[in-house]
2 protein chains.
Amino acid sequence: MNSLTEENYLKALFNLSQENGEVSVNELSKHLQIKMPTVTSMMKKLGEKKLVHYESYKPLKLTEKGRREAGLIIRKHRLTEMFLVEQMSFGWEQVHEIAEQIEHIHSPEFFEKMDELLGYPKFDPHGSPIPDKTGKMEWIHFSKLSDCKVGDNVKLSGVTNSSGDFLKFLNTRELKLGIKIKIKSIEKFDGSMEVSYGKRASEHLSGLVCERLLVEKE
Amino acid sequence: MNSLTEENYLKALFNLSQENGEVSVNELSKHLQIKMPTVTSMMKKLGEKKLVHYESYKPLKLTEKGRREAGLIIRKHRLTEMFLVEQMSFGWEQVHEIAEQIEHIHSPEFFEKMDELLGYPKFDPHGSPIPDKTGKMEWIHFSKLSDCKVGDNVKLSGVTNSSGDFLKFLNTRELKLGIKIKIKSIEKFDGSMEVSYGKRASEHLSGLVCERLLVEKE
DNA sequence: TATATTTGTTAGATTAATCTAACTATTTAT
DNA sequence: ATAAATAGTTAGATTAATCTAACAAATATA
């Protein structure tokens, strides 16, 4: 059994290694806001538990076992977010903080029931995939809105940032998952876009926002 | 903010002091399965935080503040049990373990929402009263079935023990809250009873079981 | 390549929560 | 009323998770 603290390290490693599979001590330290020596010693401990491949001065990598355990924590987190939105009518901007705590509950039956009540969802309210019961996660190929071209018609399918402030901003613009967006023009130097969607004929989205919106091309 | 550990001491004190308002270090130690010296030192700490009246060799008493904070934890526990039974269709024998963990979640909105979805319940699935938002709990005057007389017609309104085994036993006998029970005879020397209820014309209940069933006289 | 910067590790201290062993106070029973 | 039993406390050790200070390795830069 892993401690709550260990679970948080595993989860952070899982999330950070999404790109290249490797994470530096420094990166992990910054992400968790925990000083590097503390991270080093935890990595040694997780190394002994065969959850992380640890060697001095080498980048960190989760083992297969580590990836599985981390995936299961993230599964609990995302199922919880979905449950809060779908069954308890929370807004998608409210659920991260609560799920951050509930993901550490030890009760297979509890999450099994959530999954069942939700109809075995594949994505959470922010469009992130929910790992399966073995901790495995299908990786998805959504594009960033910022990588699209003028004239593209796309479907908003996810966000790369679940901070309350960002999601509240999207709420004010009626930007929710599933809507169709048409790109009317792109401002080269700052990456901002002029788009239309729903009842909004013309909206300006900053480069930062476009970077954070994940879309599927039709 | 109290730690999870502190919360568990507060809750235990609250539950144990239901009778006389005072608890011995020994009692608390046994209940929590934590050695007495550890309990003593935690009591000093809670004393400094003004949650407990602590004096060497004197019985322990929660302060007003301590009683409020403990009541709020128990509120979260009981709301959770109710939510698990009513909204997630768990059995009443399954919910204690899960609620034991969820009671430590810090999120007023989460429990507020539960309360609302449940229609502001006053009792949990085992018939225990749910403290209000200020941590105050109405004390209730249910009698034990074992204190009733032959011929009494009573309503089963609560249980004093929420262990899975006991509740599963009640399930097998179709004994659930709300049913009407008629006492047909009492065995003096062991306190066991012959009763009838629902479709069961004659059932034998041991003295131990009768001690644990709370009823309201008509 | 030599130096400076950044990254990572070691050593040692701190805090919370726990324990055991030894001692003291209170309560119970003869 | 004294001895025995029970309850409570003190002292000191342990473990997990954190920190700072000092040092070492790796990387970037001049």
Side-chain angles (χ1 to χ4, degrees), chain A residues 1-14 16-17 19-63 66 69-70 73 100-101 103-104 106, chain B residues 1-14 16-17 19-63 66 69-70 73 100-101 103-104 106:
Chain A
M1 186 76 359
N2 304 311
S3 69
L4 186 148
T5 307
E6 289 167 337
E7 290 193 348
N8 282 331
Y9 279 91
L10 287 173
K11 188 174 54 131
L13 278 167
F14 189 98
L16 291 173
S17 55
E19 289 89 43
N20 46 6
E22 295 187 342
V23 185
S24 70
V25 173
N26 195 243
E27 225 182 323
L28 185 53
S29 161
K30 278 175 181 146
H31 182 84
L32 291 172
Q33 310 241 68
I34 285 173
K35 295 290 181 293
M36 288 184 41
T38 309
V39 172
T40 297
S41 74
M42 182 57 85
M43 288 308 103
K44 288 180 178 170
K45 188 178 179 191
L46 295 183
E48 278 164 21
K49 295 178 85 170
K50 303 287 181 211
L51 294 163
V52 169
H53 292 295
Y54 176 78
E55 281 181 274
S56 283
Y57 298 104
K58 294 262 176 67
L60 306 167
K61 270 192 78 167
L62 284 172
T63 62
E69 304 204 359
I73 299 163
E100 204 70 5
Q101 298 179 64
E103 70 192 5
H104 301 291
H106 293 292
Chain B
M1 184 80 357
N2 304 311
S3 69
L4 186 149
T5 308
E6 289 168 337
E7 290 193 348
N8 282 332
Y9 279 90
L10 287 174
K11 186 173 57 130
L13 279 168
F14 189 96
L16 291 174
S17 55
E19 289 89 43
N20 46 6
E22 295 188 341
V23 186
S24 69
V25 172
N26 195 242
E27 225 182 324
L28 185 54
S29 161
K30 279 175 180 146
H31 182 83
L32 291 171
Q33 310 242 66
I34 287 172
K35 296 290 182 292
M36 288 184 41
T38 310
V39 172
T40 297
S41 74
M42 181 56 86
M43 288 308 104
K44 287 181 178 170
K45 188 178 179 191
L46 295 182
E48 277 164 21
K49 295 178 85 170
K50 302 288 181 212
L51 293 163
V52 169
H53 292 294
Y54 176 77
E55 281 181 273
S56 282
Y57 299 103
K58 293 260 176 69
L60 307 166
K61 268 192 78 165
L62 285 171
T63 62
E69 304 204 358
I73 298 163
E100 204 69 6
Q101 298 178 64
E103 70 191 6
H104 301 292
H106 292 292

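Everything numeric here is computed off the predicted structure, so don't read it as measured data. Naming: A, B, ... by sequence-line order, numbering from 1 per chain. We use all heavy atoms of the structure for the numbers below, so side chains are in, but hydrogens, waters and symmetry mates are not.
Within the 4.0 Å cut-off from OP1 or OP2 of C:dG8, not a single side-chain nitrogen or oxygen of A:T40 is found. Neither OP1 nor OP2 of C:dT7 sits under 4.0 Å from any side-chain N or O of A:S24.
B:N2 has its CG atom 14 Å from the C1' atom of C:dA16, to the nearest Å. Rounded to a whole Å, the CG atom of B:L4 is 15 Å from the C1' atom of C:dT18. Nucleotide D:dA16 holds its P atom 15 Å from the CE atom of A:M43, rounded to whole Å. Rounded to a whole Å, the CE atom of B:M36 is 14 Å from the C1' atom of C:dA21. Computed from coordinates, the B:N26 CG to C:dT26 C1' distance equals 13 Å when rounded to whole Å. Distance, A:K35 NZ to C:dA13 P: 20 Å, rounded to whole Å. To the nearest angstrom, C1' of C:dT9 lies 15 Å from CG of A:L28. C:dC19 atom P lies 11 Å from atom CE of B:M42, rounded to whole Å.
Within a 6.0 Å sphere centred on NZ of B:K50, other residues, nucleotides and ligands contribute 12 heavy atoms or fewer.
Comparing atom distances between the B:P37 side chain and each of D:dT20, D:dT18, C:dA21 picks out C:dA21 as nearest. For B:Y57, taking side-chain heavy atoms from C-beta onward, the closest of the listed nucleotides D:dT18, C:dT24, C:dT9 is C:dT24. Taking only side-chain atoms of A:T5, from C-beta outward, the nucleotide of C:dT18, D:dG8, D:dT18 with the closest atom is D:dT18. The A:I34 side chain lies nearest to D:dC19 when the options are C:dT9, C:dT24, D:dC19. Considering only the side chain of A:K44, C:dT10 comes nearest among C:dT10, C:dT9, D:dG8.
Taking a cutoff of 4.0 Å between a charged side-chain nitrogen and a carboxylate oxygen, A:E6 and A:K11 do not qualify as a salt bridge.
Checked by atom type and distance alone, the side chain of B:S17 pairs as donor or acceptor with a backbone atom of B:L13 at under 3.5 Å. Side chain of A:S29 to backbone of A:V25: no donor-acceptor contact under 3.5 angstrom is found.
B:M42 CE to B:T38 OG1: the interatomic distance, rounded to the nearest 0.5 Å, is 9.0 Å.
The residue A:S41 sits close to a base: some heavy atom pair falls under 4.0 Å.
Checking A:S56 against A:Y9, the closest nucleotide of DNA chain D that is more toward the 5' end is the one next to A:Y9.
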